[in-house]
**Student:** 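Sharing a structure, written as structure tokens. Questions coming.
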There are 2 protein chains.
Amino acid sequence: MIRLAVADDQSILRSGLVALLRLETDLEVVGEAADAAAALDVVADTDPDVLLLDVQMPPGTGADGRPGPQDGIEVARRLRADGAARPRIIVLTTFGRAGYLRRTMETGAEGFMVKDAPVERLVDAIRRVQQGLRVVDPDLAAQSLSVGPSPLTAKETEVLRAAADGAGTSQIAATLFLSEGTVRNHISSAIGKLGVAGRAEAVRRATDNGWL
Amino acid sequence: MIRLAVADDQSILRSGLVALLRLETDLEVVGEAADAAAALDVVADTDPDVLLLDVQMPPGTGADGRPGPQDGIEVARRLRADGAARPRIIVLTTFGRAGYLRRTMETGAEGFMVKDAPVERLVDAIRRVQQGLRVVDPDLAAQSLSVGPSPLTAKETEVLRAAADGAGTSQIAATLFLSEGTVRNHISSAIGKLGVAGRAEAVRRATDNGWL
DNA sequence: TGCGGACCATGACAGCTGTCATGGGCGGGG
DNA sequence: CCCCGCCCATGACAGCTGTCATGGTCCGCA
């Protein structure tokens, strides 16, 4: 019997998913959570074998009253911070962004699935993960590979990452000890390579592809 | 027996929702669709009493090969275009944006629910809608009222709407027979009223609140 | 009648953005 | 060895954006 916990802020999806999982004779849902802080609590309380974790979730407030992690991937990171192997983690997401996949796998999570995958595939993933295997949604894995390595140079990446944190040109220049002109130039180059218009789109495209 | 059709691109949510609805003895799911074009087809094929419709859906390609409606609300509009009262329509959405609510209600749909509402509320809504009542998610309705009427003046709205269509300053000026300076000025005023930085955010805030 | 407050319109101004031309440093291939 | 290509750095330039000060019209109110 595989003991499961489900964390997702969309109540309808969560309830539906739980109903579906109950239909499987070897699965047992032992906990549910609607935000990131609650997800941590549920794991602490019920010690499930496998945790299904949505990426987009409100932080919520933990038992100590402080705000919880900002998203599901951050929850995974915290659960793995102490090196524990339990619970196995499968991250679910609506948007099949390669960046999510990369971030997720870096945390040490075992699985990554998009929500428009059929349920059988998810159930299958749960069983495989329980056996210690790693599972990645095939469609997304293919897309992730097709995205390929970053076309950005080192400095371009550095500058773009700073821009992603909301810093303006002058701030970036000060932080990286560059002229403002140089900063704009790296951004311009990145814009060209990414085939977008404007630094905002460049930042988005780069993060979407996990190139940050 | 209420005959239902469910249209949502997230396979997991759709399957889960169907599983939940089957638990209700007076509900019967007669059709499913994963994109907007398929939703129209399913309605034509099965003539359900009530249609559950996600807002965010890929257009898909219809039986005639042409692309379908851009989102769920557009599907609702088409179904109501000929004045027919069937099927009753409940629009589901992940994001409780007042703009969605407004657009939805203008199409003549009967219900509007956010996906983090509990399932009982959705089931309840289905039964009420079947009886000819209109149902709006209480939380969202409150929020929608609290948002209040638009603080924007007529010209500001006009200019912002044009900007939302992707037009640049000069294009807007030409379209509305204004000086470019005037256009920028209206936008600036709107930015001030909406308490945001930059025209992009202004457009987004205005659409989110249904002020376009 | 006069006055104040909205909405609208316009041009001037400063700030920021992206692109360009230019040049220095470094490593591989002829 | 020299040369070419790539990355990095810089300042100059044009274009666009948001704000401001100014002035016009219209309407309600004393």
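Per chain, numbering begins at 1; letters A, B, ... match sequence-line order. No experiment lies behind these values; they were computed from the predicted model shown. Values reported hereafter were calculated over all heavy atoms of this structure, with side chains retained and with hydrogens, waters and symmetry mates removed.
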**Student:** With sequence neighbours left out, write down each residue that passes side-chain contact (heavy atoms from CB on, under 4.5 Å) with A:V18, or none if nothing qualifies.
**Tutor:**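 Only A:V6, A:R22, A:V29, A:E32 meet the side-chain contact (heavy atoms from CB on, under 4.5 Å) criterion with A:V18.
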
**Student:** From the 5' end of DNA chain D to its 3' end, which nucleotides mark the outer limits of contact with chain B, defined by a 4.0 Å heavy-atom distance cut-off (strictly under)?
**Tutor:**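 First and last nucleotides in contact are D:dT17 to D:dA21.
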
**Student:** Can you list every pair that meets side-chain hydrogen bond (donor to acceptor under 3.5 Å, both in side chains) and has a residue in residues 71-80 of chain A, with sequence neighbours left out?
**Tutor:**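 Sorted result for residues 71-80 of chain A: A:D71-A:R103, A:E74-A:R77, A:R80-A:E110.
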
**Student:** Using a heavy-atom cut-off of under 4.0 Å over every strand shown, decide if B:S170 touches base, sugar-phosphate, or nothing.
**Tutor:**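 If one applies the 4.0 Å heavy-atom cut-off, B:S170 turns out to touch nothing in the nucleic acid.
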
**Student:** Out of A:L53, A:T93, A:V136, A:I73, which one pairs with A:T104 under the side-chain contact (heavy atoms from CB on, under 4.5 Å) rule?
**Tutor:**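 With A:T104 as partner, A:L53, A:T93, A:V136, A:I73 yield a single side-chain contact (heavy atoms from CB on, under 4.5 Å), made by A:I73.
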
**Student:** Heavy atoms only, 4.0 Å cut-off, all strands: where does B:S179 land among base, sugar-phosphate and nothing?
**Tutor:**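 Contact class for B:S179: sugar-phosphate only.
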
**Student:** Show me the pairs that pass salt bridge (charged side-chain N to carboxylate O under 4.0 Å, His left out) and involve residues 185-196 of chain B, at least two apart or across chains.
**Tutor:**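 Those involving residues 185-196 of chain B are B:E156-B:K193.
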
**Student:** Tell me, please, which residues at least two apart from B:A173 pass side-chain contact (heavy atoms from CB on, under 4.5 Å).
**Tutor:**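 With sequence neighbours excluded, B:A173 shows a side-chain contact (heavy atoms from CB on, under 4.5 Å) to B:E180, B:V183, given in chain and number order.
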
**Student:** Under a 4.0 Å heavy-atom cut-off, which of residues 183-209 of chain A touch DNA chain D?
**Tutor:**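 The answer is A:R184, A:N185, A:H186.
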
**Student:** Any cation-pi pair here, A:R97 with A:F95, using under 6.0 Å and within 45°?
**Tutor:**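 No, A:R97 does not lie over the aromatic ring of A:F95.
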
**Student:** Assess the side chains of B:S11 and A:R121: does a donor N or O sit below 3.5 Å from an acceptor N or O?
**Tutor:**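 There is no such pair (donor and acceptor under 3.5 Å, judged by atom type) between the side chains of B:S11 and A:R121.
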
**Student:** What residue among A:V135, A:V129, A:L51 forms side-chain contact (heavy atoms from CB on, under 4.5 Å) with A:I90?
**Tutor:**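 So, applying the side-chain contact (heavy atoms from CB on, under 4.5 Å) to A:I90 and each of A:V135, A:V129, A:L51, only A:V129 qualifies.
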
